[in-house]
Every structure is written in C-alpha cells, then in structure tokens.
Amino acid sequence: MTSLKQFIRNVRSAKTIADERAVIQKESAAIRASFREESHDSGIRRNNVAKLLYLFTLGERTHFGQIECLKLLASHRFADKRLGYLGTMLLLDENQEVLTLVTNSLKNDLNHSNQYIVGLALCALGNIASIEMSRDLFPEIENLLSTANPYIRRKAALCAMRICRKVPDLQEHFFEKVKTLLSDRNHGVLLCGLTLAIDMCEAEEMEEGQEGVIEMLRPLAGGLVRALKGLTTSGYAPEHDVSGITDPFLQVKILRLLRVLGRGDPATSELINDILAQVATNTDSSKNVGNAILYEAVLTILDIEADSGLRVLGVNILGKFLTNKDNNIRYVALNTLNKVVAIEPNAVQRHRNTILECLRDPDISIRRRALDLSFMLINEGNVRVLVRELLAFLEVADSEFKPTMTTQIGIAADRYAPNKRWHVDTILRVLKLAGAYVEEQILSSFVRLIATTPELQTYSAQKLYVSLKEDISQEGLTLAGTWVIGEFGDNLLQGGQYEEEELVKDVRESDLVDLFNNILNSTYASQTVVEYIITASMKLTVRMNDPAQVERLRLFLNSRTADLSVEIQQRAVEYTNLFGYDQIRRGVLERMPAPEIREEQRVLGAPTKKRPSKGLKTKKPAKPSEQDILLDLMGGSDEPTTSPSGAGSQNTADLLADILGGDSGTSSPTPQSQPSGKSAIMDLFGTNGGSQSPQPPSTDLLAGLGGATSTSPAPAAAHAVFDKNGLSLSLQVQRSNSGNAQITARFRNGSDFSQFSSVGLQAAVPKSQRLQLSAINKAELEAGEEGVQMLKVSSLSGSLPPKLRLRLRVTYAQDGSAAVTDQVDWSEP
C-alpha cells in the first residue's frame, strides 16, 4: 500500500493518459483488496478513504468505498470521524439508500460532549439531509439552537435552513428560535440567523397566500436597524474589520433582510429609510467591500416603499458605479439600472452620457448591457440624440449586436419620430450600415411609411437610388430600394425635390435598368433580391416612356423564364406573356394605393409570432367603390382564390392573383378590374382548366375572399355573431336563385398578441332544413389573421324561410390553454 502523497505523485508523474489510467486502476484494485481484508487498523482505512476522495476529485468511480466511510463514522477517534464525514458528504447524496445507515451515527454525534464532533455532524446533516433524516433529527437541531455555545448555534442555524427547505412543514418549530438568533450579540450567530430568516421569508414569498414568517419578523426591524447603525458607527474592531469596514458580511445580510421586511409595507419602510440614507452616504466607496454594501443598500432602497429622494440617491450611487474602473462594478450597475429605469426614468436620464460612454467599453458584456439600457432611455425628448449615438455605435458594432440594434432603432423611430422626414432618414441610415441584418418587419414598416407619405416619395426614391449606386452589398437596402424604385420610378425620373448636393440631378431610364443589371450580376443577388427586381422591372415597364428601355426589361424578364427557381420562373413567364396585352398590363401594374396602417401592422417592442414572408406586402382593405379583384394582397383572406369545379375557364380574379403572386413573397401593384379582358387573359394561359382547384359550394366566385367584380352582385352584409377574448365571428348570407343559402363564417383574431388554435364552428338548423358544413380553412390564427368556414343551408320542403335561424357552437383554445366551447343562438335580422 502506498501513502496518499505517493499516490498523488505517481498520478502527476504519468506522461500519458494511458499511464495515468494504469496508475489509477492499479491503486483502485489495491484499495478494493484492502477493503476485502477487513483490516481493523483505522490508519489503513483512513488512508484508503483519503485516496478515494482524491479519485473522486479526478472523476473516477468511488461507490465501493461508501461503507468504509460509515465505518469511520462509528469510530471514537476525531480524525476518523472528520474524514468519515467528509467522505460521506462527497461520496453520498440524499438519494443513496446507504444514507439511512448514517442517521443513527448523526443522532449520537449531535448529542456528543465534544463541540467539534457536534459541529462535524451538523455540517454533514446540513449538506446531505434527506426528507426522512430531516424529520428524524429536527428535534436535536431545535435543541442545539438554544445551546450556550455560539460555535454550535451558528452551525445549527444553517442546518435548520436545510431542514426547512426539505420539509417546509417543520418551519413552525424554528420560528421562536429565529427571533432569538436575530437578537444575538455574537456576529457569527447573528449572521447565520439572518441567513435562516431570509431563506424562510423567500420561501414564503414563493408560496402565495402565506404571510406568517414575514409578519412575525417585522417587529424585529427596529432591532436590526440599531444593529446596522452600530456597525456603521463603531470604531476599529480587529476581529471584524475588513479593509477598514466593520463586518461587511453582516451589514449586507441585515440590509437583505430589511429589504424583505420593508417590501410592500410603508411603516417598516419608513422605519429603515434613515439608516439606508446613512449607509448610502457614509460608506467608503474606494474599496470593494464598501461597494458591496452600497450595492445592497441601493437594492433595498429600490425594493421598499422609499421616498423619491432616497430613490434618486440610490440611482446616483449606481451612476457613480459606472465611472468605476472595475468591470464587475460597472456591470452590476448597468444590470440594476435596466430594472430601475421603469421606476425612476428621470433619475436614470441624468446619467445618460455615462451610459453612452459604456458603449465604447472593450468588455463586450458591458457594451451589451449599456446597449439594452440605452434603448430603454429613448423617449420623445431625446430620440434624436440617442438614435444618433446608437447609429454611430452601429457603424462599429459587433455582428452579433446588429440584428437587435436594427430592430430596436426601427421600433424607436416608429414610436418617437419627431417627423416623417427624420424617420425616413434614420431607417435609411440603418439600411446603409447594417442592411443585411434588418428584419422583414422593419422593412415592411419603412415601405409602408413611404407609401403613406406622398410628399416624401420622390425624396425617398432619390435617396435609395443614390445609396444603391454606392453600395449593393446590404440586402435590406437592396430590397427596400428595389421596391420603392419599382413603385415610384416615375417620380424619380421626373426629378424635382433636389435638396442635397449628393443627390443625383438627372436620372435616366437607362440608369435604372443598368442599376438592376448591376445588382443581378453581383454576388449579392439572392433569390429574394431577384424576386423583388423581377416585379420592380415589370412595374417600370409602365412607368417608362423609352421603348428601348422597356424592351431591355422585357428581354431580362424573358431570360428568367427558364430559371431554376420555380417561383422566379413562374413570375417571369406570366409577366412576359402580359406584354402582348398592353391595356391589361397597364391596368394591372397601376400604382398600389397607400395602405391603411392597422395597429397590428406597427412595429412593436414585444415580439409577436408572425408567419414568415419573403417580401414586403403592403395591405389595405378594399374601398366599397373599388372593384377589388386581388383582395388577398390587400388585407383580406390569406386563402388562395379558387374556381368552381366543372368550369370550363378560369375566373379573371384567379388569373390575376396568380400573375401578381397571390402566394409569393414579392409585392405586387393593385390592378383595376378589366371585365372586358377576361377572354384575353384566358387566351394567355389556355382554357383547359387543368390547374383549377375545387371550391366549396358557392354561387359567388369571390365569396370566400369577400370581394366583388363588376359582374357580381353586391356582397351581403356581415352580421356580428360572437366576440369574446379577442376572437370575433361574423356571418355573411348569400341566397341563390335555387333557394339555397350560402353562409360565409369569418373568424378574426382581433387581439394584438394572443394566438388562437383549434378554431372551429359547429352549427344546427331546424328539422325542415339541411346543413352542409365544410372545414375551416385556417384553424390557427395569429394576431390579426382571419379564418373562413363555409356553410350551405337548403330546405327539405322547397324554399327557405325569409330569416334563417342557427344554433352555433364556437370552439377555440387561446395561447395554448385548454379548448373552450361557447354556444350562440342566431337569427338572421
């Protein structure tokens, strides 16, 4: 047998992992052999257990030595017990069945006359106590809390904390003991008593409806305040002095318990306000221990019902932390200010410059926290200054910061922009600096802003054109610029509104075509970029007057008719075929109307689940005077248009929706209805109807979309039937000449953030009628989305009554909760 020191030398002297493994295996075999010999020499057993503990630190298997640890516990020697308890705490845990054999040894040692053996037992129990052990041994711990020996009392207090965690029902046995501990004059006992009290209070706060411990301890707040005042005003005490401050650990614990007691209680908060102000002003901040006390004092000030002056003092201390050279102190200050800014925004605003300086800190964690705090500081008054600083930081920021920064700057600009010109310039600057990291939601908001602001359309087109001439590497800039140039290219060609020297004075039609060609021939032409350019090129064919440039665009579109991407190929074929029908092409490619900005379309600070989209879609509900044949692009149903089964030709709306990308990611202009061009469009794609999809029974081709053509009857009025928890249901009844009634049931998620799943409708009609109910087209509705379900009612007796009567059962589940069913009786008005 080798000694522990020799074993450690042998392991360390191994040259390779194989050599080390050989040494460990040899020694483990020797230890097992020694255990089998049943030697009664305690020295050998201690040596073996000590080597096992070393093997444990190396991550080796040591389970075969657990019983040997228990044998050492039964020894009368202090050295054996000390090593035995150490081995028990390391090699065993509360899930080991062997642990039940330790209970008797612990019970005996807890009643031992030697305080150090009692201390060993308390330490072991505090580390490995199981529920059964806690129930068996808590009377001994309760007795030891009243002993006169402070060494035992403080260990018993920590052991009681473990017991209370394991068995919360036993807390009531220690209530009176905690009161005694909190009035103890011994610093160590008071420190451990505070730890026990804080743990009991925090456990109570997590269990709603329990107020026993905190209410019981609140009368002790006065004594704790006096103890804290004594520590802050006492002179030099060698046994408790740390860097010139008397027992900072005890001060921190007292402040922590005072925070728990004063939370939500004005009387207790008033009692501790003065001592908090005294600690905050008199504690030396030149040493780390002083900063620890100040930090705990600030947390207490901000958590209790303190007056505003004291809160400002706490924020100022955090502001002073920001100027400290220690990164840890600055980090905790920024982290705390992130939580405080919602409570004391004006006080935090005073340290705005210091926070902005942290954006230039070499430490990435400091920069990240300062960036989060900077966005929280933005308001109407400082949006210009802060966004300017954030844009400067965006120029040099790490790549991992850019996605968050672009989104947050977009949100800030959308909420607090002083005017639309500044808003456009800000987002344009973001696109130029980090266009590859801009989210689709920000791009949509930017395009919508330009579309709804006629006075800035020419200016925006000019700025984006110049930016694309300089840099085409930023995809977000390319997408936004392509959309705007395609939609407002005629404004750009006409000129005017040249307000800045760097803007080009004269833009020719060939320049726009050359720009698109440069983008397509570069390495930055992703599939999404090509999709945008194809649609923008098609729009420019009706915005340009030079036939030569229009022909260049037509040849470009024709060159993409064999593209590997099915989406690009399909659009190129459809757009190319439109060149044979100029009247239809000009109607289809007219400028899109300005979209209505609905609340759910705004850029929101809280993330919402949105269905991914390839391109920018500006949506607007149809006006009653418009002949809306592309409602799915303008804010209507998300379902594709369908044709009636058995029809020999396709409906005009279906073909136009297909031409303009009813389900694609590219934005498309709004056409004007051309009833007279129906046969011409049919000639473009053939009349065999092979690609038509079936439709539920309907006499109105666009009933499912809620639109109307010039040859269709006016759509029936929608009747509100159900509106609850943000989910609304409306019915639209359309009667046919055959005496049947076609009912369109529309579900709409009108909330901003909620999500509905398992949405469906069941219906019942009188016995004289027959009901055909189709499945809903969309059972999961995000915020702002709609689902459509079709019902057909026919009469068994020949004709339907003037007014329909239905019994409806609406089923839905909100935000992942259990499904809910509501019943509604409805009569047609």
Side-chain angles (χ1 to χ4, degrees), residues 441 444 595-613 617 619-622 631-640 642 663 696 698 702-707 715-734 741-765 771-793 804-829:
Q441 194 179 15
S444 298
E596 176 184 332
I597 302 179
R598 298 195 298 267
E599 187 61 32
E600 62 267 18
Q601 289 178 322
R602 294 185 182 277
V603 179
L604 300 174
T608 56
K609 296 181 180 179
K610 293 290 182 182
R611 190 171 52 185
S613 165
K617 291 185 180 181
K619 299 182 179 182
K620 177 179 181 296
L631 196 62
D632 58 332
L633 292 179
M634 309 272 292
S637 172
D638 291 332
E639 282 294 291
T642 56
D663 195 30
S698 175
L702 295 181
L705 294 176
H719 308 290
V721 175
F722 174 83
D723 191 352
K724 186 176 181 182
N725 298 328
L727 181 68
S728 60
L729 169 65
S730 62
L731 298 181
Q732 196 171 8
V733 181
Q734 187 80 27
Q742 183 77 26
I743 303 176
T744 303
R746 293 184 181 279
F747 289 95
R748 176 172 175 76
N749 183 355
S751 65
D752 290 334
F753 304 106
S754 294
Q755 178 185 15
F756 292 95
S757 58
S758 303
V759 179
L761 178 67
Q762 294 177 323
V765 295
L771 173 68
Q772 293 180 5
L773 182 65
S774 62
I776 190 170
N777 68 342
K778 192 176 187 62
E780 295 187 2
L781 302 180
E782 303 284 350
E785 291 186 339
E786 285 189 353
V788 179
Q789 191 167 0
M790 306 299 297
L791 300 86
K792 182 179 179 181
V793 181
L804 295 177
R805 292 170 52 209
L806 297 175
R807 175 162 291 176
L808 306 174
R809 184 170 293 175
V810 181
T811 305
Y812 62 92
Q814 185 174 11
D815 296 328
S817 59
V820 179
T821 301
D822 290 318
Q823 184 168 302
V824 180
D825 290 330
W826 176 77
S827 297
E828 187 177 5

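Side chains included, hydrogens not; waters and symmetry mates left out as well; all remaining heavy atoms used. The structure displayed is predicted, hence computed values, not measured ones.
Taking 4.5 Å as the limit, some side-chain heavy atom of Leu781 sits within range of a side-chain heavy atom of Leu727. With contacts defined as side-chain heavy-atom distances shorter than 4.5 Å, the pair Leu761/Val810 qualifies. You'll find the side chain of Leu808 reaches within 4.5 Å of the side chain of Leu731, heavy atoms only. In this structure, the side chains of Glu786 and Lys778 stay at 4.5 Å or more apart for every pair of heavy atoms. Side chains of Arg805 and Val765 form no contact here, defined as non-hydrogen atoms less than 4.5 Å apart. Side-chain contact between Leu806 and Ile743 is present, with at least one heavy-atom pair separated by less than 4.5 Å.
Of all the heavy atoms in Ala775 and Gln789, the pair that sits closest is C-CG, 4.0 Å. Nearest approach of Ala763 to Leu773, heavy atoms of both residues: N-CD2, 4.3 Å. Minimum heavy-atom separation, Phe747 to Gly760: CZ-O, 3.7 Å. Considering every non-hydrogen atom in both Leu771 and Ala764, the closest pair reads CD2-N, 4.4 Å. Shortest non-hydrogen contact noted between Ser751 and Phe756 is OG-CE1, 4.3 Å.
Between the CD atom of Gln734 and the OG1 atom of Thr744 there is a distance of 8.0 Å, given to the nearest 0.5 Å. Separating the CD atom in Glu782 from the CG atom in Asn749 is a distance of 8.0 Å, to the nearest 0.5 Å. Here the straight-line distance linking atom CZ of Arg748 with atom CG of Leu729 works out to 13.5 Å at 0.5 Å rounding. Atoms CD and CD, on Gln742 and Gln732 in that order, are 10.5 Å from each other to the nearest 0.5 Å. Here the straight-line distance linking atom CD of Gln755 with atom CG of Asp815 works out to 7.0 Å at 0.5 Å rounding. One finds the CD atom of Glu780 at 9.5 Å from the CD atom of Glu785 (value rounded to the nearest 0.5 Å).
Between Tyr812 and Phe722, the ring planes lie tilted relative to each other; the angle falls in the 30° to 60° range.
Using a distance-only test at 3.5 Å, with no hydrogens or angles considered, no donor-acceptor pair links the side chain of Ser758 to the main chain of Ala813.
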